[in-house]
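Scroll down for the structure; my scribbles are underneath it.
In what follows, chains carry the letters A, B, and so on, assigned in the order in which the sequence lines appear, proteins first and then strands, with residues in each chain numbered from 1.
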2 protein chains.
Amino acid sequence: MTTARLTRSREDYLKALFALEGGTRAVHVTPLAKRLRVTAPSATNMLARLAREGLVTRAARGEARLTALGLRRALQTLRRHRVLETYLVQALGLDWAAAHDEAEVLEHAVSDAVLDAMDCQLGRPHEDPHGHPIPDRRGRLAQRALVTLTALPAGAVAVVREVGDGDRAFMTRCRRAGLVPGAHVRVLEGGAALEVGGRRLAAAAARFSGVRVEPLASVTRRRRA
Amino acid sequence: MTTARLTRSREDYLKALFALEGGTRAVHVTPLAKRLRVTAPSATNMLARLAREGLVTRAARGEARLTALGLRRALQTLRRHRVLETYLVQALGLDWAAAHDEAEVLEHAVSDAVLDAMDCQLGRPHEDPHGHPIPDRRGRLAQRALVTLTALPAGAVAVVREVGDGDRAFMTRCRRAGLVPGAHVRVLEGGAALEVGGRRLAAAAARFSGVRVEPLASVTRRRRA
DNA sequence: CGCCGAAGTTAGCTTCGGCTAACTTCTCGG
DNA sequence: CCGAGAAGTTAGCCGAAGCTAACTTCGGCG
């Protein structure tokens, strides 16, 4: 069941492909390269290798898509990342934002044994500290119907579910704004201001495009959990 | 104070140089290459690079010695390794022998922040699970006057202090034999048998050359702690 | 003394994963 | 319908760190 480990680069490419289109739609070279902070030729090059190895397929000019195998590998890496992130925050008391960067490195180094020990000690959590679901050991990822905070119409109320990682400054900003998983948020004045956990926040919803929320049918105001 | 991180290879070479001669005497290419499981030319090559970078000096044909800077770096890596090893055993319940291999990889990946969080949570230990002293954060390593079990004369009694790592099978053998830090041992029948923690063990002391002990002046027998 | 073998080094190749420069191919605006 | 610019690819290079093959050097023994 446990297949040989891929190189760090490969794991990063697969993870990025998954992150960009959830493993469904095809991904173009440019956004992929941008996310991985490499040049386009480097990405083209690596995609060719991954294709040779049966981890992605190349379609029309510039498009790539994960194969079933590639998807499995991507989810394995994502699982590593999220378990690690959770462990670093819960067990080692790392800063919410810092944990992401650390996990980014460690996800390529921890063995299955160590990861499982961490997972076990955490009580096999289903979510990482940003609210993202953690793929289970078979690579199954819970699907949720969320929308980005940006997409919320004025007056709408929602519960924050996921605070996208990837940008450290962004996460710090969210935490300071109270935009953490479980917090209640209401869009005010046509998106020009927010109300987070009952406190008014003079910032446009647009600044928090990485926040995904679950819209509430009711308009009841509640304090955050 | 925190200098830029070296490559994994470099850290491994420096650690090996330190391990082979404690940072004092010069090390020859062949044993170094053997320990790192690379060929002699590879070692020569890397030593040249390390010399260029001021981490080692090359003396007579084939000899290398850590510089003060190289020694500091080696001790930093050694510290990482030993803190990690301790953490993996104490906090994550890993097998005594397995922890070594895991630490060997992770020592090149953990950040100072994570390492310090682990160290802190462990209560800033002074010894790893094999009994080896852990260099402090300034790179100072406690020196101890120990002898190898092999060197003990028949009839001598000693306390096990360090059980050398590096070989997984060896460590497993030691643990099964009761040769763990703190155990009392007596050499019987001219080295052909041992008494460990009061139990007779029909194995030559020579099979445990990686075990370092503190000889006891008195010949009193005690049970192990 | 001379020569053999061990130890070390040099030279040159390989893979990995980047990079730049230059070319091709699409798409879209005028 | 054509041409500009964006997107992608090709070609060729780089550095890290390994490797083998072949050469040098040295130490010791017959």
Pairwise 5' ranking along DNA chain D for Arg8(B) and Thr44(A), keeping only the more 5' one: Thr44(A)
Residue closer to the 5' end of DNA chain D, Arg37(B) versus Arg49(B) (nearest nucleotide): Arg49(B)
Asn45(A) CG to dC16(C) P, straight-line distance once rounded to whole Å: 11 Å
CZ-CG distance between Arg73(B) and Leu50(B), expressed to the nearest 0.5 angstrom: 11.0 Å
Whole-Å distance separating the NE2 atom of His28(A) from the P atom of dT9(D): 10 Å
Rounded distance (Å) that lies between atom P of dG18(C) and atom CZ of Arg10(A): 10 Å
Nearest listed nucleotide, side chain of Thr30(A), among dA11(C), dA16(D), dG8(D): dG8(D)
Contact nearer the 5' end of DNA chain C, comparing Gly62(B) with Thr39(A): Gly62(B)
Ser9(B) vs dA16(D): side-chain N/O to OP1/OP2 distance below 4.0 Å: no
Derivation and outcome, side-chain hydrogen bond (donor to acceptor under 3.5 Å, both in side chains), residues Thr7(B) and Arg10(B): CA-CA 5 Å; Thr7(B) 62; Arg10(B) 269 161 245 252; 3.0 Å; yes
Nearest-angstrom distance from the residue atom OH of Tyr13(A) to P of dG18(C): 5 Å
Under-4.0 Å salt bridge between Arg137(B) and Asp116(B): yes
Electrostatic pair Arg175(B):Asp95(B) at N-O distance under 4.0 angstrom: yes
Interatomic spacing from CG in Leu78(A) to CD in Glu11(A) - rounded to 0.5 Å: 11.5 Å
Of the listed nucleotides dT20(D), dG18(D), dT24(D), the one nearest the side chain of Pro41(B): dT20(D)
Distance, rounded to the nearest Å, where Glu53(A) contributes CD and dC16(C) contributes P: 8 Å
Atom-pair distance (NE2 on His108(A); C1' on dG17(C)), nearest Å: 14 Å
Atom pair distance, as rounded to whole Å: CE in Met46(A) and C1' in dT15(C): 12 Å
Interatomic distance where CZ belongs to Arg58(B) and P belongs to dT9(C) [whole Å]: 5 Å
Of the listed nucleotides dG8(D), dC19(D), dT9(C), the one nearest the side chain of Val29(A): dG8(D)
